[in-house]
Number of protein chains: 2
Amino acid sequence: MGETKLPVGRILTGDCVDMLRTLPDASVDLVFADPPYNLQLGGELYRPNNTRVAGVDDDWDRFVGFEAYDAFTRDWLAECQRVLKDTGTLWVIGSYHNIFRVGATLQDLGYWILNDVVWRKANPMPNFRGKRFTNAHETMIWAARSENARKYTFNYDAMKALNDDQQMRSDWFLPICSGSERLKDDNGDKAHPTQKPESLLARVLLASTRPDDVVLDPFFGTGTTGAVAKRLGRRWIGVEREAKYIEVAKRRIAETEAAEDPLALALANKRDQPRVPFGRLIEEGLIRPGEVLFDARRRWTAKVRADGHLISAEHRGSIHSVGAAVQGAPACNGWTFWHAERKGMPVPIDAFRSQIRLGMGEKVGA
Amino acid sequence: MGETKLPVGRILTGDCVDMLRTLPDASVDLVFADPPYNLQLGGELYRPNNTRVAGVDDDWDRFVGFEAYDAFTRDWLAECQRVLKDTGTLWVIGSYHNIFRVGATLQDLGYWILNDVVWRKANPMPNFRGKRFTNAHETMIWAARSENARKYTFNYDAMKALNDDQQMRSDWFLPICSGSERLKDDNGDKAHPTQKPESLLARVLLASTRPDDVVLDPFFGTGTTGAVAKRLGRRWIGVEREAKYIEVAKRRIAETEAAEDPLALALANKRDQPRVPFGRLIEEGLIRPGEVLFDARRRWTAKVRADGHLISAEHRGSIHSVGAAVQGAPACNGWTFWHAERKGMPVPIDAFRSQIRLGMGEKVGA
DNA sequence: TGACAGCTTGAATCCTTTG
DNA sequence: ACAAAGGATTCAAGCTGTC
């Protein structure tokens, strides 16, 4: 009964919580939410080449403090919980700025976390000042409506098929949204500061919905969720406040066609051989800091630093650059050039790398 | 003064918060914490003060469970914050069961999150029921003591070196602790349910401590933190309640060899190098007064004055300010921007600075 | 048309010392 | 306290223009 009155295929214009209140109880099969992250950016940030980084400074990401953000989070999460069917699940995406608060609130409300899933970005923005690790991932929480809601949809076999017939893991390696997929406004600037890649949404929908399911996105933005839902034969409902985003989303979804090969949309980036930095050999204890390496004919030596650099009489750097430098060669494969002594015999360090790769298994991409 | 009384190299036996209270303010350089994921023991629910919660309905049970866990978390995190130096940082590891609560509490206390770091497990346990994604990662939060504590230790160059000279990302791929590294009890069962791999701790310590720093682990378990600290030439303090873990940890650390080559463990950051004024290059005769410098693409030139200033067609000032001015850029590193001609080849003036620094003797560590 | 070099850009809580 | 100056800092994609 309720379903027939659902505003399927429409974008509800207005405040997120207000609009959610107009939907009936237990009426949607999935919620995908990409709420404001409460980024609290300070001043300007420049790249080393002096170009300015366009940060997120939109009004919709400004909150007075954690309390205000928590209240906002609680309100929209509670409405989503009401609106979800008992077989439905909810996804939220966020960064370290907000995801811990979102996760705790979600638990407080009685949602039951099924997984946290890490979106590893193939091409993240670097850390330009060298003060932190490259922030190379975002976190998604996947949760059922309650601890007792155990009959949620999970397409285990589809996920396994996507991942070369191995169970899909909780870490997904996907590129960010760029190139022609990234929507532009009339000025040629990005239409939305935080547009998500369709590949991410495709995997979410393929994992946790069935055809014709109703997917609700309370922070619709430029309609990635709607476009992917349409492409995959799912129904959708959006909520969005900003007129400029709604306009872009409507045009986008109108131009979207159902996909011929739905699985292809969600494919992971394949990576060939897993890359093993030399530093891993030290971390794994296969090479000791301070140990002396040498070439096959013992013409040169270099000492290993704890950070994975080599130091020779005159040079310092990676195994490759020091190998090249001592020989006066333009390049050098340090893996085959340098050796360590084991039981009185020289062993190429590449042998240790192989050992690690064996332990890792061959897969690193998906 | 405080430091001399620190119980370095000792395991404090007792309740975590009680023991932390015995440590002086601002006395440790790093905290690594692997807290319990819930407070349920033997199926019963306990408050932090070890009083048992009576049988209750599900909702209240859940509420009390989270509330108790949050209170416990708040207590130990607050003590760690008190005990940390202003240059120190804290790491916490957890899974989706507890990490969101820990992260939110940490923010509420005024810690300043620097990164969340994902430990991707090379060989995770599969999901046997096929109802979820393989839980293939755990999450670590790395945080400074407060927003204003910006002089925390981060060995940027060491991390970059460890990763084949590319910035270390926030997702780390490492094997779980298994094989001979996994400690067993007398029955041959694993001595601790959640023993972390030494490679994980090694990367944490190499990233965020210097040799001789004091590392505190409030949930010491079988002493992975202590063993790795010893191996890497760091000092350590442990807190642990369970006698059986303490016994294992003591034996383990006694058998661990201390760093054999402290020099190889010194991780010089570029920022730690001595400052060399541009004028020194002139005093040393490496640059002549009146000589003309130019940028790599020979788009601008500037003449060197005897006092170390540059003069271009329209600007005068330091190598940095003139470099910025000619480009119309907000800032410029004159050392890498300006070049001098030697034997017909352009040489960045930074090369002359390196030459002077070599003569001063390389200052390693800090 | 292809190869290649160069430019742009991405949810970012992104400096340090001296005066 | 604040202001000024020194000087350290980036990776993967995708697009554009040139030869």
Side-chain angles (χ1 to χ4, degrees), chain A residues 34-58 60-63 66 93-99 119 121-139 173 175-182 184 188-190 192-197 219 221 269, chain B residues 107 111-116 143-144 146-148 150-152 154 156-157 160 163-170 269-279 297 308 317-324 329-338 349-350 353:
Chain A
D34 182 9
Y37 286 10
N38 191 21
L39 235 39
Q40 312 173 69
L41 300 180
E44 299 281 322
L45 178 65
Y46 288 86
R47 298 186 182 81
N49 66 4
N50 281 323
T51 58
R52 197 176 69 86
V53 174
V56 177
D57 59 352
D58 305 73
W60 49 255
D61 196 40
R62 279 200 269 274
F63 295 84
F66 284 139
I93 185 166
S95 66
Y96 65 82
H97 308 85
N98 71 323
I99 198 65
W119 168 30
K121 301 182 184 183
N123 42 353
M125 187 158 79
N127 185 286
F128 295 117
R129 305 306 290 259
K131 292 297 293 179
R132 304 178 174 195
F133 300 99
T134 303
N135 199 350
H137 75 275
E138 294 187 23
T139 301
F173 186 74
I176 62 174
C177 178
S178 69
S180 60
E181 188 186 330
R182 188 83 194 213
K184 302 293 195 308
D189 299 322
K190 54 189 176 191
H192 192 284
T194 71
Q195 187 184 341
K196 296 293 178 289
F219 306 96
N269 273 24
Chain B
Q107 288 180 310
Y111 280 96
W112 193 243
I113 299 182
L114 300 169
N115 280 110
D116 57 335
S146 76
E147 180 176 358
N148 303 320
R150 301 205 128 125
K151 297 171 91 171
Y152 56 86
F154 178 51
Y156 173 79
D157 294 300
K160 191 171 174 177
N163 193 39
D164 279 353
D165 289 333
Q166 293 191 359
Q167 285 193 341
M168 185 69 83
R169 297 170 38 121
S170 56
N269 275 324
K270 269 189 196 162
R271 288 186 162 93
D272 296 331
Q273 294 190 52
R275 182 170 285 202
V276 177
F278 178 64
R297 295 169 61 186
S318 70
I319 53 173
H320 312 295
S321 62
V322 175
C332 167
N333 182 346
W335 290 109
T336 51
F337 181 74
W338 295 111
I349 58 175
D350 200 25
R353 180 172 65 161

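By convention in this document, chain letters (A, B, ...) are assigned in the order of the sequence lines, proteins followed by strands, and residues within each chain are numbered from 1. Model, not experiment: these values are computed from the prediction.
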Residue pair [X] / [Y]: nearest heavy atoms and the distance that separates them:
{"X": "A:Pro35", "Y": "A:Ile93", "result": "CD-O, 3.5 Å"}
{"X": "A:Asn98", "Y": "A:Pro36", "result": "ND2-O, 3.6 Å"}
{"X": "B:Gln167", "Y": "A:Thr134", "result": "OE1-OG1, 2.6 Å"}

In whole angstroms, how far is the [atom2] atom of [N] from the [atom1] atom of [X]?
{"X": "B:Arg271", "N": "D:dG7", "atom1": "CZ", "atom2": "P", "answer": "13 Å"}
{"X": "B:Asp272", "N": "C:dT16", "atom1": "CG", "atom2": "C1'", "answer": "12 Å"}
{"X": "A:Leu39", "N": "C:dG10", "atom1": "CG", "atom2": "P", "answer": "14 Å"}
{"X": "A:Lys190", "N": "C:dG10", "atom1": "NZ", "atom2": "C1'", "answer": "6 Å"}
{"X": "B:Gln167", "N": "D:dT9", "atom1": "CD", "atom2": "C1'", "answer": "8 Å"}
{"X": "B:Lys160", "N": "D:dA8", "atom1": "NZ", "atom2": "C1'", "answer": "11 Å"}
{"X": "A:Gln40", "N": "C:dC14", "atom1": "CD", "atom2": "P", "answer": "10 Å"}
{"X": "B:Asn148", "N": "C:dC14", "atom1": "CG", "atom2": "P", "answer": "12 Å"}

Open item on the list: Can a side-chain donor-acceptor contact be found between B:Ser146 and B:Asn148 if the only test is distance below 3.5 angstrom?
Closed with: no

TODO: Return yes if a side-chain donor-acceptor contact under 3.5 Å exists between B:His320 and B:Ser318, otherwise no.
DONE: no

Does the side chain of [X] reach to within under 4.5 Å of the side chain of [Y], using non-hydrogen atoms?
{"X": "A:Pro124", "Y": "A:Ile176", "value": "no"}
{"X": "B:Arg271", "Y": "B:Phe154", "value": "no"}
{"X": "B:Ile113", "Y": "B:Gln107", "value": "yes"}
{"X": "A:His137", "Y": "A:Trp119", "value": "no"}

Determine the Euclidean distance between corresponding [atom1] atoms of [M] and [N]; express it in Å to zero decimal places.
{"N": "D:dG7", "M": "C:dG10", "atom1": "C1'", "answer": "26 Å"}
{"N": "D:dC15", "M": "C:dA11", "atom1": "P", "answer": "16 Å"}
{"N": "D:dA5", "M": "C:dA12", "atom1": "P", "answer": "31 Å"}
{"N": "C:dT18", "M": "D:dA8", "atom1": "P", "answer": "14 Å"}

Given [N], is OP1 or OP2 found less than 4.0 Å from the side-chain N or O atoms of [X]?
{"X": "A:Lys131", "N": "D:dT9", "value": "no"}
{"X": "B:Ser318", "N": "D:dG6", "value": "yes"}
{"X": "A:Lys196", "N": "C:dA11", "value": "no"}
{"X": "A:Arg47", "N": "C:dC7", "value": "no"}
{"X": "B:Gln166", "N": "D:dA12", "value": "yes"}
{"X": "B:His320", "N": "D:dG7", "value": "yes"}
{"X": "A:Tyr46", "N": "D:dG7", "value": "no"}
{"X": "B:Arg275", "N": "D:dG7", "value": "yes"}
{"X": "B:Lys151", "N": "C:dT17", "value": "yes"}

Open item on the list: If the threshold is 4.0 Å, N to carboxylate O, is there a salt bridge linking B:Arg353 and B:Asp350?
Closed with: yes

So what does [X] hit on the nucleic acid, given a heavy-atom distance under 4.0 Å: a base, only sugar-phosphate, or nothing?
{"X": "B:Gly334", "answer": "nothing"}
{"X": "A:Pro197", "answer": "nothing"}
{"X": "B:Ile113", "answer": "base"}
{"X": "A:Asn127", "answer": "base"}
{"X": "A:Cys177", "answer": "nothing"}
{"X": "B:Pro277", "answer": "nothing"}

Task: Pairing pattern in dot-bracket form [Watson-Crick, G-U; both distances under 3.5 Å; | = partner strand] for DNA chain D - done: .|||||....|||||||||

Among [options], which is the nearest nucleotide to the side chain of [X]?
{"X": "A:Arg132", "options": "C:dC14, C:dG10, C:dA12", "answer": "C:dC14"}
{"X": "A:Arg129", "options": "D:dG6, D:dG7, C:dA11", "answer": "D:dG7"}
{"X": "A:Asn49", "options": "C:dC14, C:dT9, D:dA8", "answer": "C:dT9"}
{"X": "B:Arg297", "options": "C:dA12, C:dC7, D:dA8", "answer": "C:dC7"}
{"X": "B:Arg353", "options": "D:dT9, D:dA8, C:dA11", "answer": "D:dA8"}
{"X": "A:Thr51", "options": "C:dT9, D:dG7, C:dC14", "answer": "C:dT9"}
{"X": "B:Asn333", "options": "C:dT9, D:dA8, D:dT10", "answer": "D:dA8"}
{"X": "A:Ala122", "options": "D:dA8, D:dC11, D:dA13", "answer": "D:dA13"}

Open item on the list: Both B:Val276 and B:Asp165 contact DNA chain D. Which one's nearest nucleotide lies toward the 5' end?
Closed with: B:Val276

TODO: Please figure out whether A:Asp34 or A:Pro126 has its closest DNA chain C nucleotide nearer the 5' end.
DONE: A:Asp34

Task: Polar side-chain atom of B:Tyr152 near backbone of B:Ala143 as donor-acceptor pair, under 3.5 Å - done: no

TODO: Please check if the side chain of A:Asp61 supplies one atom and the backbone of A:Tyr37 the other of a donor-acceptor pair under 3.5 Å.
DONE: yes

Open item on the list: Please encode protein proximity along nucleotides 14-19 of chain D as a string of B, S and -, counting only heavy-atom distances under 4.0 Å.
Closed with: SS----

TODO: Count the heavy atoms of every other residue, nucleotide or ligand shown that sit under 6.0 Å from NZ of A:Lys131, and state whether that count exceeds 12.
DONE: yes

